[in-house]
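Reviewing the structure listed below.
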Protein chains: 2
Amino acid sequence: MASRRYAEVCEEVCTHPDILNRVKPEMPDEERLYDLAELFKVFGDTTRIRILYVLFESEMCVCDIAALLNMTQSAISHQLRVLKQARLVRSRREGKTVFYSLDDDHVRTVIGQGMEHIEEKHGRKQA
Amino acid sequence: MASRRYAEVCEEVCTHPDILNRVKPEMPDEERLYDLAELFKVFGDTTRIRILYVLFESEMCVCDIAALLNMTQSAISHQLRVLKQARLVRSRREGKTVFYSLDDDHVRTVIGQGMEHIEEKHGRKQA
DNA sequence: CTAACATATGAACAGATGTTCATATGTTAA
DNA sequence: TTAACATATGAACATCTGTTCATATGTTAG
């Protein structure tokens, strides 16, 4: 069982330096990529996706959303906070009630493209 | 400390039945919404976002990506599998080497819109 | 003021997720 | 066949994440 030494990454023979050198400078800052991943994380939860879909149709108060999705007010409120921090929804207060709505149209585009991707890949085999 | 009873969700007074009845039938199947969230989960990780960005520029082998991102071959390989299962990347083998590339253009659109959203929200205050 | 109610939030717990490590698989060359 | 190497993968571990529960905050009505 004398553990043989394996190269952790490939030998220099494998890497293609020309490609590496060409691609490397095109990469955005780490910070931007991090923020981007954080944004998509927000889309990556069924509850939040359902909330966004609900808000496609109409602005709505927290308890309406909770009723529609059959979830507790607390769970919805927590998720609305996440959506708001990501600037995907806004809120406005009217008396005791807080109404939430979509913040901008990127949300629709992103979700729309996601849906297209899914339907294309599921419906047919490799369009 | 006699725990008072709080309504778990809002009273009927609060919910707006007209809105609920209008929105409810517009919601997609649960299965679609689940798949959509699963798709965005794939975008919601820095490593995978970086991989996708790398592949924007050029098809590339596993060890090139690992070298570029300064990560182990194993970590990259695991993530490529996730990306492939989501049909975001394809692979083709050439001898010992496996080259990965973007599967379709939804990836670019989704990521592009995500970037726009971030830059709009960070750069200015509410365009 | 207090009661009622819509919403927000902190803490805790359970389940999901990404990386590492070791090793297996697949391919080429000798 | 064996050696070398590029890639894939299972298991384990630590971290992250979503829900629940209890309770706090904010608003209106009396």
Side-chain angles (χ1 to χ4, degrees), chain A residues 1-16 34 37-38 40-51 59-67 69-86 89-100, chain B residues 1-16 34 37-38 40-51 59-67 69-86 89-100:
Chain A
M1 281 237 249
S3 69
R4 247 183 304 175
R5 270 205 300 138
Y6 283 93
E8 285 217 357
V9 293
C10 322
E11 304 297 298
E12 287 172 26
V13 177
C14 157
T15 57
H16 306 78
Y34 178 82
E38 288 301 304
F40 286 124
K41 250 175 222 169
V42 176
F43 286 98
D45 173 80
T46 314
T47 301
R48 289 191 294 264
I49 284 281
R50 288 161 80 213
I51 292 175
E59 76 167 2
M60 216 170 285
C61 74
V62 179
C63 73
D64 280 344
I65 300 173
L69 304 189
N70 197 31
M71 293 184 65
T72 64
Q73 173 269 322
S74 178
I76 299 299
S77 187
H78 277 298
Q79 298 300 8
L80 282 169
R81 184 155 68 106
V82 174
L83 289 166
K84 195 173 179 183
Q85 280 172 342
V89 307
R90 341 163 165 256
S91 62
R92 80 183 168 83
R93 187 176 266 276
E94 193 171 285
K96 287 182 284 193
T97 308
V98 176
F99 288 96
Y100 282 84
Chain B
M1 280 233 252
S3 69
R4 245 183 305 172
R5 269 204 300 138
Y6 283 93
E8 285 217 356
V9 294
C10 321
E11 305 296 299
E12 286 173 29
V13 177
C14 157
T15 58
H16 307 76
Y34 178 83
E38 288 300 304
F40 286 123
K41 250 176 223 170
V42 176
F43 286 98
D45 173 80
T46 314
T47 301
R48 289 191 293 264
I49 284 280
R50 288 160 81 212
I51 292 175
E59 76 168 2
M60 218 170 286
C61 75
V62 179
C63 73
D64 279 343
I65 300 174
L69 304 189
N70 196 31
M71 293 184 65
T72 64
Q73 174 270 321
S74 178
I76 299 298
S77 187
H78 277 298
Q79 299 300 8
L80 282 169
R81 186 155 65 106
V82 174
L83 289 166
K84 195 172 179 183
Q85 280 173 341
V89 306
R90 340 163 165 257
S91 62
R92 79 183 168 81
R93 188 174 266 275
E94 192 171 286
K96 286 183 284 193
T97 308
V98 177
F99 288 97
Y100 282 85

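Naming convention: chains lettered A, B, ... in sequence-line order (proteins, then strands); numbering from 1 in each chain. Since this is a predicted model, take the numbers as computed values, not measurements.
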Closest nucleotide among [options] to the [X] side chain:
| X | options | answer |
| --- | --- | --- |
| Lys96(B) | dA8(D), dA6(D), dC21(C) | dA6(D) |
| Val98(A) | dT19(C), dT7(C), dT7(D) | dT7(C) |
| Val62(B) | dA8(D), dA8(C), dG18(C) | dA8(D) |
| Thr97(A) | dA6(C), dC21(C), dT27(C) | dA6(C) |
| Tyr100(A) | dT7(C), dT19(D), dA8(D) | dT7(C) |
| Thr72(B) | dT20(C), dT17(D), dT19(C) | dT20(C) |

Item to check | Side-chain donor/acceptor contact of Ser74(B) with base of dC21(C) under 3.5 Å | outcome: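 Between dC21(C) and Ser74(B), which were checked side chain against base, a qualifying N/O pair under 3.5 Å is present.
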Item to check | Under-3.5 Å donor-acceptor pair between Gln73(A) side chain and dA6(C) base | outcome: no
Checklist entry - Has Arg81(B) got a side-chain N or O lying under 4.0 Å from the OP1 or OP2 atom of dT9(D)? => result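 Affirmative; the distance criterion is met.
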Checklist entry - Under 4.0 Å between a side-chain N/O of Arg93(A) and OP1 or OP2 of dA6(C), yes or no? => result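 No, because none of the side-chain N or O atoms of Arg93(A) sits under 4.0 Å from OP1 or OP2 of dA6(C).
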Checklist entry - Taking for each residue the nucleotide of DNA chain D with the nearest heavy atom, is it Leu80(B) or Ala75(A) whose nucleotide lies nearer the 5' end? => result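 Its nucleotide being nearer the 5' end, the pick is Leu80(B).
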Checklist outcome for this item: Walking DNA chain D from its 5' end, the first of Phe99(B) and Glu94(A) to be reached, judged by nearest nucleotide, is Phe99(B)
Using whole Å, what does the distance between atom [atom2] of nucleotide [N] and atom [atom1] of [X] come to?
| X | N | atom1 | atom2 | result |
| --- | --- | --- | --- | --- |
| Gln79(B) | dA16(C) | CD | P | 17 Å |
| Arg50(A) | dG18(D) | CZ | P | 14 Å |
| Met71(A) | dG18(D) | CE | P | 11 Å |
| His16(B) | dA6(C) | NE2 | P | 10 Å |
| Lys41(A) | dT15(D) | NZ | P | 15 Å |
| Arg90(A) | dT7(C) | CZ | C1' | 20 Å |
| Leu83(B) | dT9(D) | CG | P | 14 Å |
| Ile76(B) | dA8(D) | CD1 | P | 11 Å |

Any side-chain heavy-atom pair of [X] and [Y] under 4.5 Å:
| X | Y | result |
| --- | --- | --- |
| Glu59(B) | Arg92(B) | yes |
| Ile51(B) | Thr47(B) | yes |
| Glu94(B) | Phe99(B) | yes |
| Ile76(B) | Gln73(B) | no |

Checklist entry - How sharply is the helix from dC1(C)-dG30(D) to dA30(C)-dT1(D) bent, taking the axes over five pairs at either end and rounding to 10 degrees? => result 30°
Next on the checklist: Determine whether a donor-acceptor pair (N or O, by modelled atom type, separation under 3.5 Å) exists between the side chain of Arg50(B) and the backbone of Leu69(B).
Outcome noted: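 Side chain of Arg50(B) to backbone of Leu69(B), a donor-acceptor pair under 3.5 Å: yes, one is there.
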Checklist entry - Is the aromatic ring centre of His78(A) closer than 5.5 Å to the centre of the six-membered base ring of dT9(C), with the two planes inclined by less than 30°? => result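 It does: the ring sits over the base of dT9(C).
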Item to check | Interatomic distance, Ser77(A) atom OG to Ile65(A) atom CD1 [nearest 0.5 angstrom] | outcome: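 Rounded to the nearest 0.5 Å, the OG-CD1 separation comes out at 9.5 Å.
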Item to check | Mutual orientation of the aromatic rings belonging to Phe40(B) and Phe43(A) [parallel < 30°, tilted 30-60°, perpendicular > 60°] | outcome: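 If you compare the ring of Phe40(B) with that of Phe43(A), the planes turn out tilted.
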Checklist entry - Quick one: side-chain hydrogen bond (donor to acceptor under 3.5 Å, both in side chains) partners of Lys96(B), sequence neighbours excluded? => result none
